[in-house]
There are 2 protein chains.
Amino acid sequence: MLVHDESAAVHLLQRQAIKPTAQRVEIALLLLQEHQHLSAEQVLERLRRRGKAVSKATVYNTLRLFAARGIVQQVIVDPERVFYDSNTSDHFHFYNVDQGALIDLAPDELHIPELPALPSGTVQEAVDVIVRIRDK
Amino acid sequence: MLVHDESAAVHLLQRQAIKPTAQRVEIALLLLQEHQHLSAEQVLERLRRRGKAVSKATVYNTLRLFAARGIVQQVIVDPERVFYDSNTSDHFHFYNVDQGALIDLAPDELHIPELPALPSGTVQEAVDVIVRIRDK
DNA sequence: GTTCATGCAAAGGATTTGCAAGTTA
DNA sequence: TAACTTGCAAATCCTTTGCATGAAC
């Protein structure tokens with residue numbers, strides 16, 4: 001869910017029983033202003049560019065917390081870094097390996113038919129589809 | 001492609017213009033004896049268990065080389081480790097997040113319909129489908 | 001006042017790399 | 001011999017953690 005102002009961000013965090021500290025609100029405002037995919041380092045860099053002083057540890061801790069609460073979603077496509085996706089609804093991704101950039105597939109662009117039966121004793125958690133692409 | 005004896009392993013490597021050193025042949029024989037998904041550390045551990053002395057650096061270098069030559073395929077599902085898949089044909093995976101284990105989906109179990117149009121200026125490299133599961 | 005969060009620096013863990021010694025063709 | 005590979009240890013990179021200071025309720 002996107003938020004565009006501080007009070008919306010504060011409410012979102014409170015709804016998840018997260019104390020809305022200044023740093024967390026800043027990170028929420030940055031990440032949830034639009035659908036995007038950012039690594040922890042990218043979040044840190046953009047906060048800095050905005051003149052916000054947030055430590056690396058807090059960025060990592062906060063992103064982990066947000067992911068655990070379902071405010072953002074981790075995307076695992078590259079062993080080098082985890083991406084955090086502000087779009088938490090069901091959708092799939094292109095991953096441009098040359099640019100290290102994720103792009104959403106429109107939800108109607110790819111439809112997964114029936115899923116196969118799961119191994120017994122397991123439950124489904126998520127389905128990830130990554131179309132890996134590179135520059136021509 | 002699987003190999004079950006030393007001479008087949010040597011030929012496979014030579015076909016890819018890879019010098020068939022003792023260590024590389026051992027790794028190929030271990031990995032390509034059957035369809036499986038092993039991390040670098042698992043490969044190292046199994047080599048040791050077989051009494052083969054191969055350094056960690058060589059295991060990592062060799063797996064990277066094999067992947068670059070298409071002898072095995074990297075599978076990115078966990079930020080903690082890369083898996084190497086001895087099955088290089090088109091197929092998808094379950095990933096049991098509790099066990100850290102990959103399981104092949106039978107190729108006919110999930111059929112991806114038409115793929116969406118790629119972003120312009122890009123070419124497709126691969127399609128990964130991961131069904132994340134956990135123990136009930 | 002407690003409890004929780006922040007931030008620094010240090011610790012961790014997977015992977016890569018520099019380089020000297022050993023191997024391969 | 002010329003080129004490449006191995007293996008050790010050190011270096012990297014991303015991420016987590018310990019702990020003292022600081023903020024929140």
Side-chain angles (χ1 to χ4, degrees), chain A residues 6-7 9-11 13-14 16-28 30-31 37-48 51-69 71-72 74-84 97 100 102, chain B residues 6-7 9-28 30-31 37-48 51-69 71-84 100 102:
Chain A
E6 191 173 315
S7 84
V10 168
H11 287 137
L13 297 184
Q14 288 177 330
Q16 305 292 337
I18 296 173
K19 278 191 190 165
T21 64
Q23 291 87 338
R24 288 167 173 178
V25 171
E26 280 308 331
I27 294 172
L30 169 63
L31 211 44
H37 315 87
L38 298 177
S39 68
E41 292 297 336
Q42 289 174 326
V43 169
L44 188 57
E45 172 200 322
R46 290 180 189 205
L47 288 170
R48 296 261 155 91
K52 312 295 182 184
V54 182
S55 72
K56 177 177 289 201
T58 296
V59 169
Y60 276 96
N61 288 338
T62 300
L63 291 174
R64 188 150 33 96
L65 176 63
F66 284 8
R69 290 297 207 290
I71 294 174
V72 297
Q74 288 192 337
V75 185
I76 314 295
V77 287
D78 187 326
E80 309 288 293
R81 66 190 74 75
V82 171
F83 288 98
Y84 291 88
V97 297
L102 280 164
Chain B
E6 192 175 314
S7 83
V10 168
H11 287 137
L12 172 62
L13 297 185
Q14 287 177 332
R15 221 178 304 135
Q16 305 292 335
I18 296 173
K19 278 191 192 166
T21 65
Q23 291 86 340
R24 288 168 173 174
V25 171
E26 279 309 330
I27 295 172
L30 170 63
L31 212 44
H37 315 87
L38 299 178
S39 67
E41 291 297 337
Q42 288 173 325
V43 169
L44 188 56
E45 173 199 324
R46 290 179 191 207
L47 288 170
R48 296 262 155 89
K52 311 295 180 184
V54 182
S55 73
K56 177 177 288 201
T58 295
V59 169
Y60 276 96
N61 288 338
T62 299
L63 291 173
R64 189 150 33 95
L65 176 64
F66 284 7
R69 291 295 207 292
I71 294 174
V72 297
Q73 227 169 1
Q74 289 191 336
V75 185
I76 315 296
V77 287
D78 187 327
E80 309 287 294
R81 65 189 76 77
V82 172
F83 287 97
Y84 291 88
L102 281 164

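In what follows, every heavy atom counts, from backbone to side chain, and hydrogens, waters and symmetry copies are set aside. Throughout, a chain's letter reflects where its sequence line sits, starting with A, and its residues are numbered from 1.
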Chemist: Would you kindly compare A:Arg64 and A:Pro20 by the position of their nearest DNA chain D nucleotide and give the one closer to the 5′ end?
Modeler: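 Going by which nucleotide is closer to the 5' end, it is A:Arg64.
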Chemist: Can you check the B:Leu47 CG to D:dT6 P distance for me, whole Å?
Modeler: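 Computing the B:Leu47:CG to D:dT6:P distance gives 12 Å.
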Chemist: List the steps, then state whether side-chain contact (heavy atoms from CB on, under 4.5 Å) holds for A:Thr62 with A:Gln23.
Modeler: CA-CA 9 Å; A:Thr62 300; A:Gln23 291 87 338; 5.6 Å; no
Chemist: Check the pair B:Val82, B:Ile76 against side-chain contact (heavy atoms from CB on, under 4.5 Å), reporting the backbone distance first and the verdict last.
Modeler: CA-CA 6 Å; B:Val82 172; B:Ile76 315 296; 4.2 Å; yes
Chemist: For B:Glu26 and D:dG7, what is the distance between atoms CD and P respectively, to the nearest whole Å?
Modeler: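 Going from B:Glu26 (CD) to D:dG7 (P), I get 12 Å.
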Chemist: In this structure, how many angstroms lie between the C1' atom of C:dA25 and the CD atom of B:Gln14, rounded?
Modeler: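 After rounding, the gap between these two atoms is 11 Å.
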Chemist: Would you kindly give the CD-to-C1' distance between A:Glu80 and D:dT12, to the nearest whole Å?
Modeler: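 Going from CD in A:Glu80 over to C1' in D:dT12 covers 10 Å.
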Chemist: Looking at C:dT17, D:dT15, C:dT15, which one has an atom nearest to any side-chain atom of B:Ala40?
Modeler: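 Nucleotide nearest to B:Ala40's side chain: C:dT15.
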Chemist: Return the 5'-most residue of the pair A:Leu65, A:Pro79 with respect to DNA chain C, ranking by each residue's nearest nucleotide.
Modeler: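 That would be A:Leu65.
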Chemist: Testing the basics here: between A:Phe83 and A:Gln42, what is the closest heavy-atom pair and its distance to 0.1 Å?
Modeler: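 Residues A:Phe83 and A:Gln42, closest heavy atoms: CE2-OE1, 4.0 Å.
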Chemist: Would you say the side chains of A:Tyr84 and A:Gln74 form a donor-acceptor pair under 3.5 Å?
Modeler: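 Looking only at side-chain atoms, A:Gln74 and A:Tyr84 do form a donor-acceptor pair, the distance falling under 3.5 Å.
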Chemist: Nearest-Å distance, NZ (A:Lys56) to P (D:dC13)?
Modeler: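 A:Lys56 atom NZ is separated from D:dC13 atom P by 10 Å.
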Chemist: To the nearest Å, how far apart are B:Asp78 CG and C:dG13 P?
Modeler: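 In whole Å, C:dG13 P and B:Asp78 CG are 15 Å from each other.
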Chemist: B:Lys19 or B:Ala53: which one's nearest nucleotide on DNA chain D is closer to the 5' end?
Modeler: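 Mapping each residue to its closest nucleotide by heavy atoms, the 5'-most match is B:Lys19.
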Chemist: OP1, OP2 of C:dT16 versus side-chain N and O of B:Tyr60: anything below 4.0 Å?
Modeler: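 It does not, given that no N or O in the side chain of B:Tyr60 lies less than 4.0 Å from OP1 or OP2 of C:dT16.
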Chemist: What closest approach, in Å, do A:Lys19 and A:Arg24 show between heavy atoms, and which atom pair accounts for it?
Modeler: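 Closest approach of A:Lys19 to A:Arg24, heavy atoms only: O-NH1, 3.0 Å.
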Chemist: Taking only side-chain nitrogens and oxygens of A:Ser55, does any of them come within less than 4.0 Å of OP1 or OP2 of C:dC8?
Modeler: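 No, no such contact exists.
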Chemist: Examine D:dA23: is either OP1 or OP2 under 4.0 Å from a nitrogen or oxygen in the side chain of A:Gln23? Give yes or no.
Modeler: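 Checking D:dA23 against A:Gln23, no side-chain N or O comes under 4.0 Å of OP1 or OP2.
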Chemist: For A:Ile27 and C:dA5, give me the distance from atom CD1 to atom P, rounded to whole Å.
Modeler: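 Rounding to the nearest Å, CD1 of A:Ile27 and P of C:dA5 are 13 Å apart.
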Chemist: Measure CG/B:Leu44 against P/D:dC8 and give the value in whole Å, please.
Modeler: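 One finds 11 Å between P of D:dC8 and CG of B:Leu44, rounded.
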Chemist: Need to verify one output field. Residue with the more 5' nearest nucleotide on DNA chain C, B:Phe83 or B:Ala22?
Modeler: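 The residue closer to the strand's 5' end, by nearest nucleotide, is B:Phe83.
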Chemist: B:Arg81 side chain N/O closer than 4.0 Å to the phosphate oxygens (OP1, OP2) of C:dG13?
Modeler: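 So the side chain of B:Arg81 is outside the cut-off, no N or O lying under 4.0 Å from OP1 or OP2 of C:dG13.
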Chemist: Does a nitrogen or oxygen in the side chain of B:Thr21 sit under 4.0 Å from OP1 or OP2 of D:dC4?
Modeler: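 B:Thr21 to D:dC4 OP1/OP2: no side-chain N or O under 4.0 Å.
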